[in-house]
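Some notes on the structure that comes next.
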Protein chains: 2
Amino acid sequence: MRDDNAKTSADTRSRILDAAEVLFMEHGFDGTSMRMITGSAGVNLAAVNYHFGTKELLIQEVFRRRLTDLNNARLVVLDQMEAEAGGAPLKPSRIVDAFFGTALRMAADVEGGGHTFMCLLGRTYTEPNEFVRKFLAEEYAECVERFLSALYRALPEVERKEILWRFHFMMGAMSYAIAGTDALQLVTGKFDDEHPSRLAPRLMSFLLGGLRAPLADFGSNP
Amino acid sequence: MRDDNAKTSADTRSRILDAAEVLFMEHGFDGTSMRMITGSAGVNLAAVNYHFGTKELLIQEVFRRRLTDLNNARLVVLDQMEAEAGGAPLKPSRIVDAFFGTALRMAADVEGGGHTFMCLLGRTYTEPNEFVRKFLAEEYAECVERFLSALYRALPEVERKEILWRFHFMMGAMSYAIAGTDALQLVTGKFDDEHPSRLAPRLMSFLLGGLRAPLADFGSNP
DNA sequence: GTCTATATAGAGATAGAC
DNA sequence: GTCTATCTCTATATAGAC
């Protein structure tokens, strides 16, 4: 940092994105006004519209800049594992780690903002706002398809629909584990003050237990 | 229903609550205006303030009227099981079913509005709005404490902190399973059109698998 | 690129007639 | 209890000077 008051023009964009990310996480999209964002970022109100056009486009850019990296990181790990395996199916635990572990490692990065972003992302999966959900779905499509395919091959004896459901359940458990910890904290009287990096091993063993659980009997009573 | 246009004064209150429940679920709290609610309920704009005071108090009442029943139903089942057991610890699977199964049965009630409410509730656990989170925490406190105590006694060999985390993970998986199904649906191309009642057995086996998963090794690297 | 000033729309809430 | 009309505040967005 060269000077407290030096706001280079290139910086303005990033300052807005950083401020928006935190405020969206704390107050939601509708609960965060442009004035809050520009005030927190220390830039002029008109700067948001100049750099991003509209508030909706700003929201998209907040997600895009981190989500691209996250999903690329996931795919890099998967590519590498599949190349090493040379056509043989992978171990389910390794697939789960490549997808969920990578996200948890991002969530453990408190200082770089990864934690803030993963909290925001977790909340946004169930976001009412339709354009956000659609945007997320598109950003995720390729990556999710790749991981589901890997799981299908890793667990050929399990019905595909069942794997799909369990992937969904795992997403839910992870999102809450990251975004919703505050909530239960209020109820039960805290998880002490554990650093987010402590979460990963606990969650991973829970996810794998759920994925490997014996199948229920669905045929009985419709 | 006696007449399409007959709005008895006692009805007005319920009509507002029913309309608000659906709209809050579809558009969130900030995304739902008083005008949307009164328009959908077919009542006058001023009626909300007359019957509930403020929008915040309306939100609280939407939750209170169903949450009281849900948590009472959970406690009734737990009380009965504990009475039958006469001091002996319960099976973890039965405790989980009393808490999560009861919620899933409410979520399977599409026509009576239980499904709508459970979607809304699932979203709200990670709601940014602080007063809503605090209100939920208070409404849940007693019930969660009772179920955690039951689990502590059922699993004396497992560290209490670990049980607390896994309860949290189960809450997350359930909330997403109910509220977030739309999201993954967009990504992966649908869960067909399964009725919500089909969800319960799938989720319950996942939750129990997670709860029983072997513990990870936490001591190694801090 | 950055700023001030403002246009326009919509929000929650209420006063007072009925 | 219900309605109309309206107050007040705040939101997003933009036009135009610098």
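The sequence lines fix the lettering, A, B, ..., with proteins before strands; numbering per chain opens at 1. Just the heavy atoms: all of them, side chains too, but no hydrogens, waters or symmetry mates, feed the values below.
- Each of A/Q80, A/E82, A/R74 was evaluated against A/L78; a single residue qualifies, A/E82, per the side-chain contact (heavy atoms from CB on, under 4.5 Å) test.
- The listed nucleotides are C/dT2, D/dG1, C/dA13; the one nearest the side chain of B/H51 is D/dG1.
- Smallest separation of non-hydrogen atoms from B/L211 and B/P92: CD2-CB, 4.2 Å.
- For the pair B/D30 CG and C/dG10 P, the interatomic distance rounds to 17 Å; values are reported in whole Å.
- Under the 6.0 Å cut-off for aromatic ring centres, B/F167 and B/F99 qualify, their centroids lying closer than that.
- Distances shown here put a side-chain N or O of B/T12 below 4.0 Å from the OP1 or OP2 atom of D/dT2.
- Put simply, the side chain of B/R35 and the base of C/dG10 share no donor and acceptor less than 3.5 Å apart.
- The distance between atom CG of B/N49 and atom P of D/dC7, rounded to the nearest whole Å, is 17 Å.
- Atom P of nucleotide D/dA13 and atom CD1 of A/I16 are separated by 13 Å, given to the nearest angstrom.
- A straight line from CZ of A/R15 to P of C/dG1 spans 16 Å, rounded to a whole angstrom.
- Across the protein-nucleic acid pair, A/I37 atom CD1 and D/dA11 atom P stand 11 Å apart, rounded to whole Å.
- Under 4.0 angstrom from either OP1 or OP2 of C/dG1 there lies no side-chain N or O belonging to A/N44.
- In this structure, B/S33 does not reach the C/dG10 phosphate: none of its side-chain N or O atoms is under 4.0 Å from OP1 or OP2.
- Atom CE in B/M34 sits roughly 17 Å away from atom P in D/dT4 (whole-Å rounding).
- Among the heavy atoms of the strands lying under 4.0 Å from A/A46 is at least one base atom, whether or not backbone atoms are also near.
- Considering only side-chain atoms of B/Y50, the nucleotide from D/dG1, D/dA13, C/dA13 that sits closest is D/dG1.
- Taking every side-chain heavy atom of B/L45 into account, C/dA13 is the closest of C/dT4, C/dA13, C/dA11.
- At a threshold of 4.0 Å, the pair A/R123-B/E127 does not count as salt-bridged, since none of the basic side-chain nitrogens sits closer than that to a carboxylate oxygen.
- If you measure from atom CG of B/L23 to atom P of C/dG12, you get 12 Å, rounded to the nearest angstrom.
- Straight-line distance from the CE atom of B/M36 to the P atom of C/dA9: 19 Å, rounded to whole Å.
- A distance of 6.0 Å or more separates the ring centres of A/Y176 and A/Y125.
- Among the heavy atoms of the strands, none lies under 4.0 Å from A/T38.
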